[in-house]
J.: 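The structure is given below, and queries will be raised subsequently.
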Amino acid sequence: MRVTMADVAKAAGVSKTLVSRVINDDKTLTIPVETRDKIWEAVQRHGYIPDYAARSLARKTTGADGNKAITIGYVTYTSFEKIGHPYFSAILQGVEEEVHAQGCKLGMAFTVEELTKKKDLRERIQAEKMDGIIYLGAIDRGFYEMLKSFATYGVCLESLIDPTMDFVGTPYDQSGRMAVEHLIAAGYRDIGFYGKEGDYRHQAYRTVLEAHSLKPREDWMLDAGYTMEQAYELTKRNLEERPPPEAIFAANDEMAIGCMRAFIERGYRIPQDIALMGHDDISMAAFAGVPLSTIRIHKEVIGRMAVKILIDRVKTKRKIPISVQFPPKLVVRDSCGFRTRKPK
């Protein structure tokens, strides 16, 4: 079976985007030597042969119709460590695949951190003049105003920075309600939350509990920074001081998997002693110690749609922005105990 760039990325523990930039010898890329070496070691170990036809397509300057190819870039607020994270990398994979499929040119692929630290990099990008930029995440408004000079059009993912731009995403208030309603339907009344206060999923958690005359479990509302590691450590620490609730809704799968490990290490059974519900449906969710019930976000589809509507706006020069939101989907596995628990 042919080895793909995705295989190399998985073996190296980084994103497909990062592998592509290393293989293509991106001179603007600044990463640790160890990371670069790890990628090349994975390339050699798996016998990966770069697809030069695809690379040519990514760099070409004319489209299939002979006209100048549309140049699209993206900027993400996350660090390179987070770009390798399964949620963000899936969105960016959708972006890059659709750019190639549409015969466009990928003009830039950078983090806010990179652009902030390298003034010469910003000047080089500005000189290139992108047709459109995809903005992933809650990018600072002031920084966004600077980025606007790089391209005429833009589309936001995750967070709408500017109401005049197009938007592609998921209604997180709806996905949060779906998660908490499912736990309540399974009979749980004592429910904790992992995530940031004020986040749409946190607001949904409080709203649904209030609608059912239930109280939030304030002592089990933990901001674990959306990472497995922090969720694991905070859960261990909290268990030393207080018993857990009946169930926990985590605002992403990483936190759910991290706290799952901590509970299991302390002898708790999932879901008999405590039920867990995640959010995002990343690839590892189905393969957690106890397969994780979660809310599926259509990540690659979001990335692909962002490219499509950006191309449409570049070509038609429309003034009215478009908002596309893909509905979340409940994925019931074992961690919530829904299949075996009798609702109260």
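By convention here, the first residue in the shown sequence is residue 1.
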J.: Keeping S335 on the side-chain end and L276 on the backbone end, is there a donor-acceptor pair under 3.5 Å?
T.: yes
J.: I'd like to check the salt bridge (charged side-chain N to carboxylate O under 4.0 Å, His left out) partners of K236; sequence neighbours left out, ordered by chain and number.
T.: E233
J.: Salt bridge (charged side-chain N to carboxylate O under 4.0 Å, His left out): which pairs involve residues 275-289, sequence neighbours left out?
T.: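 Every salt bridge (charged side-chain N to carboxylate O under 4.0 Å, His left out) pair that includes a residue of residues 275-289, provided the two are not neighbours, is D281-R296, D281-R333.
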J.: Members other than L160 in its cluster, when Ile, Leu, Val, Met, Phe, Trp, Tyr link by side-chain heavy atoms under 4.5 Å?
T.: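 Same cluster as L160: F167.
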J.: Return the CE to CG distance between M146 and D140, rounded to the nearest 0.5 Å.
T.: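 It is 10.0 Å, given to the nearest 0.5 Å.
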J.: Partners of K196 by salt bridge (charged side-chain N to carboxylate O under 4.0 Å, His left out), sequence neighbours excluded?
T.: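 Per chain and number, K196 pairs via salt bridge (charged side-chain N to carboxylate O under 4.0 Å, His left out) with D223.
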J.: Could you go through K299 and I302, starting from their C-alpha distance and side-chain angles, then the distance that decides it, and tell me whether this counts as side-chain contact (heavy atoms from CB on, under 4.5 Å)?
T.: CA-CA 5 Å; K299 300 170 283 297; I302 288 172; 5.7 Å; no
J.: Does this structure show an ion pair linking D173 with R177, if we count only N-O contacts that are shorter than 4.0 Å?
T.: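 A salt bridge links D173 with R177.
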J.: Which heavy atom in K105 sits nearest to a heavy atom in V99, and how many Å separate them?
T.: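 Distance-wise, the nearest heavy atoms are C-CG1, 4.1 Å.
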J.: Would you say the side-chain atoms of T71 pair up with the backbone N or O of D131, donor to acceptor, closer than 3.5 Å?
T.: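 Side chain of T71 to backbone of D131: no pair is present.
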J.: Do C104 and I311 pass the side-chain contact (heavy atoms from CB on, under 4.5 Å) test, and can you show the C-alpha distance, the side-chain angles, and the key distance before you say yes or no?
T.: CA-CA 9 Å; C104 297; I311 290 173; 3.5 Å; yes
J.: With sequence neighbours left out, write down each residue that passes ring-ring contact (aromatic ring centres under 6.0 Å, His included) with Y144, or none if nothing qualifies.
T.: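 With sequence neighbours excluded, Y144 shows a ring-ring contact (aromatic ring centres under 6.0 Å, His included) to Y135, given in chain and number order.
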J.: Any salt bridge (charged side-chain N to carboxylate O under 4.0 Å, His left out) pairs touching residues 155-164, not counting sequence neighbours?
T.: none
J.: With F249, which residues qualify under ring-ring contact (aromatic ring centres under 6.0 Å, His included), at least two apart?
T.: F193
J.: Quick check: does any side chain N or O of K315 sit under 3.5 Å from a backbone N or O of R313, one acting as donor and the other as acceptor?
T.: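 It does not hold such a pair.
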J.: Check whether more than 12 heavy atoms from other residues, nucleotides or ligands sit under 6.0 Å from atom CD of E210, and answer yes or no.
T.: no
J.: Knowing that exactly one of Q93, E98, E96, Q102 qualifies, which makes a side-chain hydrogen bond (donor to acceptor under 3.5 Å, both in side chains) with R304?
T.: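 Going through Q93, E98, E96, Q102 one by one, the side-chain hydrogen bond (donor to acceptor under 3.5 Å, both in side chains) with R304 is satisfied by E98 alone.
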J.: Please confirm whether the backbone N or O of V22 pairs with a side-chain atom of W40, one donor and one acceptor, at under 3.5 Å?
T.: no
J.: Begin from the C-alpha positions of I191 and I248 and carry the test side-chain contact (heavy atoms from CB on, under 4.5 Å) through to its verdict.
T.: CA-CA 5 Å; I191 303 171; I248 287 174; 6.0 Å; no
J.: Output all residues satisfying side chain to side chain donor-acceptor pair (under 3.5 Å) with T4, sequence neighbours left out; order by chain, then residue number.
T.: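 Partners of T4 by the side chain to side chain donor-acceptor pair (under 3.5 Å) criterion, ordered by chain and then number, come out as D7.
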J.: Please enumerate all residues that pass salt bridge (charged side-chain N to carboxylate O under 4.0 Å, His left out) together with D219, with sequence neighbours excluded.
T.: R217, R242
J.: Using only heavy-atom distances, determine whether the side chains of Y87 and E254 contain a donor-acceptor pair under 3.5 Å.
T.: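 No, E254 and Y87 have no side-chain donor paired with an acceptor closer than 3.5 Å.
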J.: According to ring-ring contact (aromatic ring centres under 6.0 Å, His included), who are the partners of Y153, at least two apart in sequence or on a separate chain?
T.: none
J.: Quick one: do the T235 and Y194 side chains pair a donor with an acceptor below 3.5 Å?
T.: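 Looking only at side-chain atoms, Y194 and T235 do form a donor-acceptor pair, the distance falling under 3.5 Å.
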J.: What pairs meet the ring-ring contact (aromatic ring centres under 6.0 Å, His included) rule with one or both residues in residues 268-324, with sequence neighbours excluded?
T.: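 Of all non-adjacent pairs touching residues 268-324, those that pass ring-ring contact (aromatic ring centres under 6.0 Å, His included) are Y172-H279, F263-Y268.
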J.: With rounding to the nearest 0.5 Å, note down the distance linking CG in L292 to CG in D334.
T.: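 One gets 10.0 Å once the value is rounded to the nearest 0.5 Å.
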J.: Run the side chain to side chain donor-acceptor pair (under 3.5 Å) check on Y226 and D199 step by step: do they pass?
T.: CA-CA 12 Å; Y226 297 100; D199 176 276; 3.2 Å; yes
J.: Within the distance-only criterion (no hydrogens, no angle test), does the side chain of H182 pair as donor or acceptor with the backbone N or O of M178 below 3.5 angstrom?
T.: no
J.: Give the minimum heavy-atom separation between A42 and A11, together with the two atoms involved.
T.: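 Closest approach of A42 to A11: CB-CB, 4.1 Å.
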J.: Using the salt bridge (charged side-chain N to carboxylate O under 4.0 Å, His left out) criterion, which residues pair with E218? Sequence neighbours excluded.
T.: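 Scan of E218 (salt bridge (charged side-chain N to carboxylate O under 4.0 Å, His left out), adjacent residues dropped) gives R206.
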J.: Between E246 (side chain) and Y188 (backbone), is there a donor-acceptor pair under 3.5 Å?
T.: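 No; zero donor-acceptor contacts below 3.5 Å.
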J.: What's the verdict on side-chain contact (heavy atoms from CB on, under 4.5 Å) for V75 and L136, showing C-alpha distance, side-chain angles and the deciding distance?
T.: CA-CA 6 Å; V75 176; L136 174 55; over 6 Å; no
